[in-house]
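This report concerns only the one structure given below.
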Amino acid sequence: MYRAAGVDEKDFGKPIVAIANSFSEFVPGHVHLNKVGRLVSQAVKEAGGIPREFNTIAVDDGIAMGHTGMLYSLPSRDIIADAVEYSTNAHCADALICISNCDKITPGMLLAALRLNIPTIFVSGGPMEAGTTVMPDGTVKENTDLIDVMYASADDTMDDNDVLALEKSVCPTCGSCAGMFTANSMNCLAEALGLALPGNGTTLASHTARRSLFEKAGRVIVDIANRYYHEDDESVLPRAIATKHAFENAMTMDVAMGGSTNTVLHILAAAQSADVDFTLNDIERISHTVPCICKASPSGEWEISDIHRAGGICGILGELDRGDVLHRDTHSVDYPSLEAKLDDWDIMRETCIDEAKDLYHAAPGHIISPEPWNQSKEFDTLDTDREHGAIHDLAHPAVTEGGLAILRGNLAPDGCVVKTAGVPKEIWEFRGPALVVESQEEAVKVILDNTLKPGQALIIRYEGPKGGPGMQEMLYPTSFVKGKGIGKDVALITDGRYSGGSSGLSIGHVAPEAASKGPIALIRNGDIINIDIPNRAINVELSDEQLAQRRAELEAGDGYVAHRDRKVSLALKAYAAFARSADKGATRDPDLIESLSGLA
């Protein structure tokens, strides 16, 4: 079979490297990955391996947004994980390179890699450049992205020509959407976890430096495969790298940079795949002790390229290490210790190597093109200003609290998540009456027709893993409240989830969800909602007796009160049948699977 597939007999005996590629012409973050696959394959071959490339699906959350297509996004994570596991195990591959980029693809491949536990490297397609928009009146808007179009579409002061000018310019290159949205957050997390090379999270897809990163990944995977199979070096395996301390370091970095709330779902799911005891309680603990030192778009002024210029993920890790908040007993695919890696790649250290300095000089080219590696522009200087620059030190945090927080209370006994980096400080404490809707579609309606008033808390329920099903991402409601000019005057609370592009007082992942008869299913219009981010609390001002009475009334009915016209396919129903709540990462319930399968 290998002969028929073009493998030369002289290569028999070399490590077989499975290359999981998520190329798709649907997705701007993946449209160039066919070229990446060929580049990585050639690098593997030249390094002494047998590259075998295969493909997975990829869902574009931007294209799926705002309609029932978004129901498929989170469930696709499991499909991708299964596809990588199936193809790699079925063909007995020796090692794995995961070419991912966007929202659910990196997490799906991460789940598979931790299940398989063979030598693995992640290398993403890279982030998109931010846009530069010339408005019809001649005004120039810099550092625009797709979120700006969504804000504009709900802004009554902007006309169709204004929106069109933005639409044509905010996505200028291939790559994952500019800003610290879910895709870029996850690719940064893969780097912090130790499964990706330095620069993976922040080197632009348009820059020639990204090409070098792909080639390096091909060489390194063959090296660590040989170390494992010929030298019995188990330290190169994903589960040896992704330890409890590595997960804590990655989450510490995520809290410090104010990553997407979706990273909470995915890191919890990854820990389960690695059999690591890392839970929402650990995230809650970390969020209390780590400040936000990097406020990137959409929560702040800095773009991914600005963070890259400041030293990227190793720059953030370097500041956290100096603040003594990281575990130093961790390592990565390319370094035997965190200290050794930061000695070479932290630009604030005198020992920083020239390769690192050269990489972090890679700048946007401002060329509108879907072609990767089409420019080699460099920054004149690196950003080493740790008081006012893109990355702060712990003595001068951007926000004294962490960028993500877990809230609990009688509305969310099992927790919920808020991106504090995106919440104006003046609404960290909020009290107001509830306006309850049963779907994202109804939420959009009450925002656009001005039913939602300043001071209200919009409760969007039955959008959880089971209730959606699929826990669809809701960027439209958060964008539209900002476009309407009430982003600092309302709260949005859901058992669903938000895009990494969301900002404002947007609280998601409420657990238990409404479909599991969680307290969010008991809320009625006018109930007073009390949010206290400093004290990590979220409550409805109802007594235990009142909640118990409402629960009895709910359970006396059909147990499901969402009134909406939503077609749910058998595939989505299958996902819902096994999905656990958000506090468990919306993963499949292993106990339920075991009991139904009858297999130990």
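- Checking side-chain atoms of Arg497 against main-chain N and O of Met471 turns up a donor-acceptor pair under 3.5 Å.
- Under the salt bridge (charged side-chain N to carboxylate O under 4.0 Å, His left out) criterion, Asp60 pairs with no residue at all, not counting sequence neighbours.
- Glu355 is linked by a salt bridge (charged side-chain N to carboxylate O under 4.0 Å, His left out) to Lys216, counting only residues two or more places apart in sequence or in another chain.
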Carefully, step by step, assess Lys445 and Glu441 under the rule salt bridge (Lys or Arg N to Asp or Glu O under 4.0 Å).
-> CA-CA 6 Å; Lys445 180 179 182 299; Glu441 293 85 352; over 6 Å; no

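- The line from OG1 of Thr587 to CG of Leu111 is 8.5 Å long, rounded to the nearest 0.5 Å.
- For the pair Ser169 and Val134, the minimum side-chain heavy-atom distance is 4.5 Å or more.
- With Asn187 contributing its side chain and Asn101 its backbone, the two residues share a donor-acceptor pair below 3.5 Å.
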Please step through side chain to side chain contact (heavy atoms under 4.5 Å, CB included) for the pair Lys482 and Ile147, ending with a clear verdict.
-> CA-CA 10 Å; Lys482 190 165 185 177; Ile147 312 300; over 6 Å; no

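- Panel note: side chain His392, backbone Glu387; a donor-acceptor pair is recorded below 3.5 Å.
- Applying the salt bridge (charged side-chain N to carboxylate O under 4.0 Å, His left out) test to every pair with at least one member in residues 125-153, sequence neighbours left out, gives no pairs at all.
- The two residues Glu248 and Phe278 make their nearest non-hydrogen contact at CG-CE1, 3.9 Å.
- Asp383 meets the side-chain contact (heavy atoms from CB on, under 4.5 Å) test with Arg309, Ala310, Asp385, Ala390; sequence neighbours excluded.
- Applying the side chain to side chain donor-acceptor pair (under 3.5 Å) test to Thr132 and every residue at least two apart in sequence or in another chain returns nothing.
- Remark: side-chain polar atoms of Ser479 are paired, donor with acceptor, to backbone N or O of Leu475 under 3.5 angstrom.
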Give the C-alpha distance, both sets of side-chain angles, the deciding distance and a yes or no for side chain to side chain contact (heavy atoms under 4.5 Å, CB included) between Met70 and Asp61.
-> CA-CA 7 Å; Met70 181 49 70; Asp61 280 18; 3.8 Å; yes

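- Counting heavy atoms of neighbouring residues, nucleotides and ligands inside a 6.0 Å radius, atom NZ of Lys168 does not exceed 12 of them.
- With sequence neighbours excluded, the residues forming a side-chain contact (heavy atoms from CB on, under 4.5 Å) with Cys188 are Met180, Thr202, Met253, Met257, Ile313, listed by chain and number.
- Judged purely by atom type and a 3.5 angstrom limit, Ser22 uses its side chain to pair as donor or acceptor with the backbone of Ile99.
- With sequence neighbours excluded, the residues forming a side-chain contact (heavy atoms from CB on, under 4.5 Å) with Pro424 are Glu426, Ile427, Lys488, listed by chain and number.
- Sorted by first then second residue, the salt bridge (charged side-chain N to carboxylate O under 4.0 Å, His left out) pairs that include residues 179-189, not counting sequence neighbours, number zero.
- Atoms OG1 and CG, from Thr330 and Asn249 in turn, are 5.0 Å apart once rounded to the nearest 0.5 Å.
- Side-chain contact check for Ile57 versus Ile80: some heavy-atom pair is nearer than 4.5 Å.
- Closest approach of Val27 and Cys102 over heavy atoms only: CG1-SG, 3.8 Å.
- Under the side-chain contact (heavy atoms from CB on, under 4.5 Å) rule, Ser124 has a single partner from Asn184, Asn200, Leu33, Leu213, which is Asn200.
- With sequence neighbours left out, the side chain to side chain donor-acceptor pair (under 3.5 Å) criterion links Thr144 to Thr133.
- In this structure, Asn262 CG and Met186 CE are separated by 9.5 Å, a value rounded to the nearest 0.5 Å.
- In this structure, Lys341 does not pair ionically with Asp321, as no charged nitrogen and carboxylate oxygen lie closer than 4.0 Å.
- Under the 4.5 Å side-chain criterion, counting only non-hydrogen atoms from C-beta, Ile531 is not in contact with Val418.
- Among all heavy-atom pairs drawn from Ala270 and Leu114, the shortest one is O-CD1, 3.3 Å.
- Put simply, the side chain of His308 gets close to the backbone of Leu359: a donor and an acceptor are under 3.5 Å apart.
- In this structure, Lys484 pairs ionically with Asp156, as a charged nitrogen and a carboxylate oxygen lie closer than 4.0 Å.
- Without hydrogens or angle criteria, Glu303 side chain to Ser305 main chain gives no donor-acceptor distance under 3.5 Å.
- Here the side chains of Lys419 and Pro298 are in contact, with some heavy-atom distance below 4.5 Å.
- Side-chain contact check for Val490 versus Leu505: every heavy-atom pair is 4.5 Å or farther apart.
- Here the closest heavy-atom approach between residue Tyr72 and residue Val59 is recorded as O-CG2, 4.5 Å.
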Would you check, one step at a time, whether the test side chain to side chain contact (heavy atoms under 4.5 Å, CB included) holds for Leu204 with Arg210?
-> CA-CA 7 Å; Leu204 293 170; Arg210 192 88 206 177; over 6 Å; no

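- Closest approach of Gly496 to Met474, counting heavy atoms only: CA-CE, 4.0 Å.
- Put simply, the side chain of Glu191 gets close to the backbone of Gly199: a donor and an acceptor are under 3.5 Å apart.
- Sorted by first and then second residue, the pairs that involve residues 27-39 and meet salt bridge (charged side-chain N to carboxylate O under 4.0 Å, His left out), not counting sequence neighbours, are Lys35-Glu371, Arg38-Glu53.
- Residues Asn34 and Asn21 bring no donor and acceptor atom of their side chains to less than 3.5 Å of each other.
- Asp358 and His361 form no side-chain donor-acceptor contact under 3.5 Å, judged by distance and modelled atom types alone.
- Summarising the geometry of Phe480 relative to Ser153, their closest heavy-atom pair is CE2-OG, 3.4 Å, with the distance given to 0.1 Å.
- Using a 4.5 Å heavy-atom cutoff, the side chains of Ile283 and Val264 are in contact.
- Thr139 contributes no side-chain N or O that, together with a main-chain N or O of Met135, makes up a donor-acceptor pair within less than 3.5 Å.
- In this structure, Leu110 and Leu189 have side chains that are not in contact, with every pair of non-hydrogen atoms separated by 4.5 Å or more.
- Remark: the backbone N or O of Ser260 is paired with a side-chain donor or acceptor of Ser185 at under 3.5 angstrom.
- Inter-residue side-chain proximity for Pro477 and Val444 is flagged as met; some heavy-atom pair is nearer than 4.5 Å.
- When Cys171, Ser176, Pro364 are each tested for a side-chain contact (heavy atoms from CB on, under 4.5 Å) with Met128, only one passes: Cys171.
- Taking Glu319 as the reference, Arg322, Arg386 meet the side chain to side chain donor-acceptor pair (under 3.5 Å) condition, with sequence neighbours excluded.
- For residues 394-407, every residue pair satisfying the salt bridge (charged side-chain N to carboxylate O under 4.0 Å, His left out) rule, not counting sequence neighbours, is listed here: Glu401-Arg536.
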Please lay out, stage by stage, how Met109 and Thr120 fare under the test side chain to side chain contact (heavy atoms under 4.5 Å, CB included).
-> CA-CA 10 Å; Met109 290 185 173; Thr120 301; over 6 Å; no

